[in-house]
Amino acid sequence: MEETSSLTNSIIQTINSIFQTLFSSIDDSIYQVLDDLVFINSDILNNSIFEKIFGINASNGLLVIANSLLIGFSLYYAIRLLYSYYMNLQIERPYQFIFKLLIFGIVMNCSFSLCKQFLELNSFISESIQSLGINIFDHEISFSELINQLNKILSLKEAEFNIFSFDGLLKGFISISLFNLIFSYSLRYVLIKLFALLTPFAILSLINQSSSWFFKTWLRTILSLLLQQSLVSLILLLLFSVNLSATDIFSKLLCIGGIYALIRANSYMRSLIGGISTDVSNHLNIGTNFLKSI
């Protein structure tokens with residue numbers, strides 16, 4: 001019996017040591033990256049390669065294609081106008097079309113600067129929420145600071161850590177959940193840059209009534225992706241307002257609720273204004289189901 005008990009204790013200590021090392025490694029290396037992925041500004045566009053792809057003037061990058069489509073829209077309208085005279089159909093007047101062509105053409109060719117200003121405005125909103133938290137709680141509102149606060153009540157010392165305790169399970173849930181957010185917000189980061197590249201074409205689609213749906217879809221999607229960081233700031237602000245205590249189970253349960261809200265932030269924003277999912281687990285499930293069907 002003593003040998004069995006000693007073996008069991010040895011296995012438990014080994015498991016605790018493995019998880020303690022894993023969670024400490026995650027805390028030390030990953031959460032600063034999460035802050036950089038979530039709280040973005042116009043700096044994500046300050047890349048020479050991205051600027052070349054986008055096009056900083058009408059003669060290079062994707063703006064060349066967009067301006068070519070601008071000419072295509074003009075030819076399409078000219079054909080429709082001739083056809084309307086022949087068939088006696090009602091379409092918008094030439095001066096109305098030319099006015100839209102000029103306005104949206106100018107805006108389209110300034111779309112790179114507009115994207116940067118839009119990102120700065122969005123960043124200002126989230127930074128204002130974070131500044132409010134700094135004034136109230138006297139510390140930074142961020143994921144890295146959240147982990148520092150949580151680790152004060154969830155001990156990671158090797159002699160004290162126990163994965164099979166409530167605190168150990170709570171620490172495991174938090175680490176796995178926030179690790180999942182790394183992939184989710186990495187996808188969001190890429191999608192924001194992708195939809196920034198689509199900005200000239202979204203603006204161009206407003207010239208024609210039948211293609212304006214593209215702009216509405218683009219606007220809902222990019223707003224959903226950008227405003228998500230303001231929602232995350234608010235959730236973090238609420239999490240820091242909880243009086244965390246090592247002996248208070250209620251505050252720990254509220255912390256779990258806050259972490260889950262961070263995971264579901266994209267879903268909540270999509271329910272409010274639309275957009276696309278950045279939940280990596282959903283995409284992995286879709287891929288798994290597809291492979292099973294083959």
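These figures come from a predicted structure and were not determined experimentally. Numbers here are sequence positions counted from 1.
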Classify the angle between the aromatic ring planes of Phe137 and His139 as parallel (below 30°), tilted (30 to 60°) or perpendicular (above 60°).
parallel
Using 30° and 60° as the class limits, which term best fits the ring planes of Phe50 and Phe112: parallel, tilted or perpendicular?
tilted
Would you check if there is a donor-acceptor pair between the side chains of Gln229 and Ser126 at a distance under 3.5 Å?
yes
hydrophobic_cluster_shared for [Y] and [X], side chain cutoff 4.5 Å:
X	Y	result
Ile44	Leu194	yes
Leu121	Ile222	no
Phe201	Ile53	yes
Tyr260	Leu239	yes

Can you spot which of Asp43, Asn46, Asn41 makes a side chain to side chain donor-acceptor pair (under 3.5 Å) with Lys116?
Asn46
Just by modelled atom types, is the [Y] backbone N or O under 3.5 Å from a matching donor or acceptor in the [X] side chain?
X	Y	answer
Asn67	Leu63	yes
Lys193	Leu45	no
Ser111	Val107	no
Ser241	Leu238	yes
Gln96	Arg93	yes
Glu145	Glu140	no
Ser224	Gly274	yes

Considering only heavy atoms from C-beta outward, does the side chain of [X] approach that of [Y] to under 4.5 Å?
X	Y	result
Leu197	Phe54	yes
Leu219	Phe215	yes
Ile273	Arg220	no
Asp36	Tyr189	no
Phe104	Leu204	no
Leu146	Ile259	yes
Trp213	Ser205	no
Phe39	Glu127	no

Could you grab the distance from atom [atom1] of [X] to atom [atom2] of [Y], nearest 0.5 Å is fine?
X	Y	atom1	atom2	result
Lys216	Ser211	NZ	OG	10.5 Å
Ser233	Leu227	OG	CG	11.0 Å
Ile129	Ser230	CD1	OG	4.5 Å
Ile182	Leu187	CD1	CG	13.0 Å
Asn180	Leu262	CG	CG	11.5 Å
Leu101	Ile106	CG	CD1	10.0 Å

Knowing that exactly one of Ile203, Leu69, Thr199, Ile207 qualifies, which makes a side chain to side chain contact (heavy atoms under 4.5 Å, CB included) with Met108?
Ile203
Nearest heavy-atom contact between Gly105 and Leu70 is CA-CD2, 4.2 Å
